[in-house]
Each structure stands twice: as C-alpha cells, then as structure tokens.
Number of protein chains: 2
Amino acid sequence: MQHALTRKLESFEPLSDQARWALNGLVIKVRQVGARQDLIQEGDKPENVLLILDGFACRYKVLPGGQRQIMALLVPGDFCDLNVFILDEMDHAIGTISTCQVVDIPRQAIDETATHHASIARAFWWCSLVDGAVLREWLVNIGGRLPAPRIAHLFCELLMRLEAVGRVTDNSYAFPLTQTEIAETMGLSDVHVNRTWGDLRVLGLIHLKQRVLTILDVERLKAFCDFTPNYLHLRNTRWGERRDLSWPGRAEGG
Amino acid sequence: MQHALTRKLESFEPLSDQARWALNGLVIKVRQVGARQDLIQEGDKPENVLLILDGFACRYKVLPGGQRQIMALLVPGDFCDLNVFILDEMDHAIGTISTCQVVDIPRQAIDETATHHASIARAFWWCSLVDGAVLREWLVNIGGRLPAPRIAHLFCELLMRLEAVGRVTDNSYAFPLTQTEIAETMGLSDVHVNRTWGDLRVLGLIHLKQRVLTILDVERLKAFCDFTPNYLHLRNTRWGERRDLSWPGRAEGG
DNA sequence: CGACTTATTGATGCACTTCAAGCGACGTGG
DNA sequence: CCACGTCGCTTGAAGTGCATCAATAAGTCG
C-alpha cells in the first residue's frame with residue numbers, strides 16, 4: 001500500500017513508477033511518538049526533515065500569558081518543514097496531538113530525490129505553496145468568520161485534506177483534537193467551542209463519537225461556512241476539478 | 001542607490017557584486033500603479049512575478065458577506081509570489097494600498113538568476129520562508145492577542161521590515177493604511193481600531209501625522225506587545241543579532 | 001476502582017460590534 | 001470663491017457575543 005505522502009503528491013499530479021519508488025526510498029527510519037510530545041522545539045536547528053506518516057501534529061507558539069496558539073495542523077503526508085535549514089533556527093514548535101508515526105528524512109535525501117525527479121521537485125514546491133495557502137485561509141477564518149462557521153470550516157478543510165490521503169470513509173475521519181485544542185487553533189475559549197460545537201450538532205451537521213468525526217451533510221456544512229476549496233489546489237481528487245491539462249507523457253526523468 | 005530588494009536580501013546574507021548586479025538586471029519594466037488598485041485578482045494565472053519597489057500593497061480575500069480580510073502587507077522589496085506558476089491559479093487577490101512602484105519580472109529571468117547565483121537562490125528561498133513565518137505570527141497575533149497589543153505588534157513588525165529596506169528614519173515610517181484597512185487586517189471593527197489607536201496614543205507609544213507613523217518609545221512598544229523579532233529571521237541588521245560570521249568588511253556598495 | 005482528564009452547563013460581566021451622528025480635510029464644480 | 005460631496009477620523013449610546021469563573025458529569029487510563 002502506498003503511504004500518505006505519495007497519495008498526497010498524486011493529488012497534485014500523477015507520478016511515474018520511478019518517482020513513486022524514489023518517494024518510498026525516503027521513508028525509512030519510521031518512529032512512533034506518543035501523543036502530546038514535542039517533535040521540534042522553538043530555537044531548534046533541525047537537520048532532518050520530518051514527515052508525518054500517521055496521526056495529527058500541530059505547529060504552535062506559546063504566548064507570554066501562557067496560552068498556546070496553534071497555527072497549523074499536520075496530518076498524514078504533511079512535511080514539518082521542507083526547507084528550514086535555510087533559516088537560522090525554528091521560530092515555533094511542532095508537537096504531536098495524537099500518537100504519530102514520524103519519518104526523519106535527511107536533508108540530503110530530499111535534495112537528491114528532488115534533483116533526480118523533476119516531478120517530485122515540482123510536487124515539493126506545490127506542498128510548500130499549499131501550506132502557505134492553507135495558512136492564509138486560516139487567517140481569513142479566524143479574522144473574518146463567526147465561531148460556528150469558523151469551526152465548521154476546519155472540519156471541511158480536514159475532510160478534504162484527509163480524503164486526499166485516503167483517511168476518510170463515509171464522510172468520517174479520525175479527529176483526535178480536544179475541545180481545548182480546537183479553542184487554541186480558533187482563537188476562542190474552550191467553553192465557547194463547546195457551546196458552538198453543540199450548535200453544530202443540533203443543526204445536524206456533525207457527529208462525534210470516540211474521536212471519530214462524521215460529517216452528516218457535507219454540502220450543508222460547506223454552505224454553512226462558505227467553504228471554497230480552491231485554496232487547497234487539489235486537482236486530481238474527487239473534489240478537485242480535473243483539468244484537461246492532458247499531460248503529454250509527463251517527460252519524467254526516470 | 002540600491003533598491004529595496006537588494007537591501008532586503010542583504011539583511012539575510014551579504015551578496016557579491018555580481019549577484020547584486022544580477023538583481024539589478026531583474027528590475028526593468030517598472031510601472032506606477034495608483035492607490036487601491038488590484039495588481040492580481042483571484043483566479044488569475046500570472047506569468048510574471050511582481051515585485052513591490054515602493055509603496056504598500058496587500059493580499060486579501062473578500063468573504064461572501066462583503067467584508068474584506070487582509071492577509072499580508074507587502075512593502076518595498078517584497079515579492080508578490082515567487083512561485084505561483086506551479087499552482088493552477090491565484091486563490092486570493094493582491095491590491096495596492098498606496099501608490100506603488102511595481103516591477104514585472106518574467107518567470108524565466110527569476111529562474112535564470114537563481115540558477116546562476118546560488119546566493120540569490122538561497123536568498124529567494126529565505127524570502128518565501130520568512131513570508132510564511134510572518135503569516136504564522138499574524139495568526140498568533142489575531143488569534144491570541146488583545147486588540148491593543150495586536151495593533152502594536154503590527155507597528156513593531158513594520159518598523160523592522162521597513163528598517164531592513166531603508167525606509168525608516170528616527171523611528172518613523174510612511175504608513176498609508178486607513179483605520180478601516182487596519183481593521184480589515186486585524187479582524188476588528190474600524191470603530192474599535194479607532195478607540196484602541198487612541199489608547200496607544202494616550203500611552204505615549206505612537207504618533208501619527210500625515211500618514212507618517214512615529215514610534216515614540218520602541219522598547220516600550222515592543223514590551224507592550226511582547227514583540228519577539230526572531231520570526232523575521234534578520235541577522236544582518238541593527239535589530240538582528242549579528243552572528244559572528246565575520247564578514248570581511250560588509251562589502252556595502254555605496 | 002479511583003485519579004485524572006475532557007465535556008458540559010450555569011451565571012456573571014465586560015469587551016467588542018453595530019448603529020448613528022458630527023467633524024475636519026480635501027477635491028470638484030457651479 | 002464658496003457650496004457641496006466624499007472620505008477618513010472621532011465620539012456616543014445600546015446591545016450582545018464571548019470570556020471568565022465555577023461546579024458537575026462523563027469519559028479514560030492506570
């Protein structure tokens with residue numbers, strides 16, 4: 001079975017067998033990390049690139065008041081930082097939310113793979129750009145949307161991102177965040193997240209049981225929060241419009 | 001006089017004369033754009049990279065309710081999008097705030113310059129990474145800080161970013177944003193921005209006159225909003241800690 | 001089973017939004 | 001040259017959405 005990274009990259013553009021094989025070559029040294037552990041701390045200077053193979057992690061900063069702000073959720077197939085080594089040191093921390101399977105990929109291996117496979121280099125670029133786009137959408141979400149659609153938007157986004165890596169069945173996916181952690185990502189109090197959550201439940205939009213979230217009515221949830229998936233730039237999935245780019249045989253260096 | 005881009009890149013690492021010369025070669029086809037004009041619209045597929053040489057611009061999205069959310073401020077030396085052409089189309093718009101001088105740089109020219117000058121390629125990478133870091137800090141700002149420190153933080157960040165491109169004198173810089181535009185970046189109402197602004201003024205922290213903002217007490221303003229400049233990853237300016245890389249005589253062309 | 005974390009609910013208060021009106025600066029046209 | 005419109009800033013008043021504090025219930029892990 002192909003792992004999350006390959007699936008994700010192929011939601012951008014198809015890969016040759018050689019490219020897929022090269023990607024598999026990156027995934028050695030898998031390790032298991034428990035929930036709520038730091039993978040990287042602020043001030044670190046990581047030499048390896050981290051890849052999340054399974055589980056949820058997050059980027060976060062802690063404000064002087066002690067409150068934590070989560071800035072991004074990392075799901076299977078997501079890189080922690082493809083090119084941090086250019087910077088002097090990490091300006092934020094990365095921690096697990098659930099138990100995670102993490103891969104340490106030497107910087108050199110990334111570079112070499114990208115050099116030998118133009119399609120992978122392009123796909124890595126695409127990852128970085130989409131990460132930025134997601135971040136911008138989060139800013140819009142927090143800055144501009146009311147609490148209920150704000151939370152709903154997160155659920156919609158995760159539905160699509162997890163779908164792209166094969167982690168969704170029947171509009172359900174594993175959702176390990178506590179309400180407090182949702183509050184930390186959404187700039188709300190945990191109490192208010194709870195009440196808003198209740199509203200969404202009453203509206204018949206979502207259902208949560210044993211850390212599995214089910215979207216009861218995808219279209220209604222999307223309409224509820226004005227979810228527009230263009231910022232995820234998926235084009236090769238059932239959500240992304242499949243464009244007629246008709247790759248003329250991809251010219252893949254193999 | 002060297003332009004903003006060169007200055008900015010040199011706040012990351014020093015450049016050779018050849019590299020500086022190559023950068024100058026990118027800056028042809030300068031055009032003037034009036035205030036409050038769109039440079040790029042959502043859905044566009046730009047072929048050129050835009051560089052802001054002078055003035056303020058912003059990234060923004062418009063929510064269905066009609067409200068605008070500004071997601072980033074672009075100041076002299078900032079690229080609009082170094083690598084958008086990998087994506088299918090723009091997921092947000094870019095518009096000017098003040099009158100701007102903009103350069104259209106063909107994608108090919110960017111690629112060639114980066115290929116021939118490793119230091120420039122690295123510096124371009126650094127630009128992208130810092131853009132992301134700024135975006136994350138904005139998320140923390142909007143999600144976690146109260147209105148007064150939130151606005152103060154913006155002023156601190158602009159002070160340093162503009163300082164890096166030589167647009168600050170005596171802790172003053174041109175500040176063309178209206179209070180409504182500040183509100184649109186901060187996720188606040190314009191009325192509340194006005195009141196909060198008044199608070200900052202009463203505290204003796206800032207002073208605005210004829211679109212020139214003066215930070216009256218930089219250290220106090222920084223302390224007020226817990227400003228930590230590490231996320232800007234400057235190391236070659238008077239703010240960034242100068243690391244003992246021992247450049248043999250700054251090679252400051254001037 | 002007992003300790004601890006997570007979810008839920010109530011009560012209280014204030015920070016922020018919204019609506020609304022007035023003011024100064026600026027530009028335009030009669 | 002002054003009347004007028006527009007735009008940005010300022011201030012007031014009113015309502016409420018969200019945070020905070022607090023206590024209980026439900027779930028989870030040893």
Side-chain angles (χ1 to χ4, degrees), chain A residues 34-37 56 58 63 65-70 95-99 141-152 155 174-203 206-214, chain B residues 34-37 56 58 63 65-70 95-99 141-152 155 174-203 206-213 225:
Chain A
R36 276 146 253 262
Q37 305 293 315
F56 275 50
C58 67
L63 291 170
Q67 64 182 311
R68 182 168 79 146
Q69 178 68 40
I70 293 177
T96 61
I97 288 175
S98 63
T99 303
N141 205 26
I142 292 185
R145 274 187 264 260
L146 296 170
R150 195 184 303 180
I151 295 175
F155 295 157
F175 185 81
L177 300 228
T178 67
Q179 293 185 354
T180 300
E181 284 163 335
I182 298 178
E184 287 168 339
T185 80
M186 294 313 211
L188 296 167
S189 70
D190 50 359
V191 174
H192 200 68
V193 166
N194 180 287
R195 299 206 153 101
T196 306
W197 188 292
D199 295 345
L200 294 176
R201 194 170 37 205
V202 167
L203 286 171
I206 56 164
H207 175 75
L208 183 76
K209 184 151 194 175
Q210 285 162 343
R211 308 258 99 122
V212 171
L213 181 74
T214 303
Chain B
R36 275 145 254 262
Q37 305 294 316
F56 276 50
C58 68
L63 291 171
Q67 62 182 310
R68 183 167 79 146
Q69 178 69 40
I70 293 177
T96 62
I97 288 175
S98 63
T99 302
N141 205 26
I142 291 185
R145 275 187 263 260
L146 295 171
R150 195 184 303 181
I151 295 176
F155 295 157
F175 186 81
L177 299 228
T178 66
Q179 292 184 354
T180 301
E181 284 163 336
I182 299 178
E184 287 168 339
T185 79
M186 293 314 211
L188 297 168
S189 69
D190 50 359
V191 174
H192 200 67
V193 166
N194 179 285
R195 299 205 155 99
T196 306
W197 187 292
D199 295 344
L200 294 176
R201 195 171 35 205
V202 167
L203 287 170
I206 56 163
H207 175 75
L208 182 76
K209 184 154 191 174
Q210 286 164 340
R211 312 255 97 123
V212 172
L213 182 74
C225 60

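Source: prediction; values computed, not measured. To find a chain, count down the sequence lines: A is the first, B the second, and so on, and within it residues start at 1.
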So which nucleotide from C:dT8, C:dT6, C:dT17 ends up closest to the side chain of A:Gln179? C:dT8
Of C:dC16, C:dA7, D:dG8, the nucleotide closest to the side chain of A:Thr178 is C:dA7
Start with the C-alpha gap between B:Ile206 and B:Leu213, add the side-chain angles, then the distance that decides, and say whether side chain to side chain contact (heavy atoms under 4.5 Å, CB included) holds. CA-CA 7 Å; B:Ile206 56 163; B:Leu213 182 74; 4.3 Å; yes
Side-chain N or O of A:Asn194 less than 4.0 angstrom from OP1 or OP2 on C:dT8? yes
Distance test, side-chain N/O of B:Arg36 to OP1/OP2 of D:dC7, below 4.0 Å: no
Which residue lies toward the 5' end of DNA chain D, A:Val191 or B:Asp190, if each is placed at its nearest nucleotide? B:Asp190
Which parts of nucleotides 25-30 of chain D does protein reach within less than 4.0 Å, heavy atoms only, written one letter per nucleotide 5' to 3' as B for base, S for sugar-phosphate only and - for none? ------
Could you check whether any side-chain N or O of A:Thr196 sits under 3.5 Å from a backbone N or O of A:Pro147, counting only pairs where one atom can act as donor and the other as acceptor? no
Hey, is the main chain of B:Ile70 close enough, under 3.5 Å, to the side chain of B:Thr185 for a donor-acceptor pair? no
What's the verdict on side chain to side chain contact (heavy atoms under 4.5 Å, CB included) for A:Gln69 and A:Ile142, showing C-alpha distance, side-chain angles and the deciding distance? CA-CA 12 Å; A:Gln69 178 68 40; A:Ile142 292 185; 4.2 Å; yes
Value rounded to 0.5 Å, distance of CG in A:Asn194 from OG1 in A:Thr178: 11.5 Å
Which residue, B:Pro147 or A:Arg195, contacts DNA chain C at a nucleotide closer to its 5' end, judged by nearest heavy atom? A:Arg195
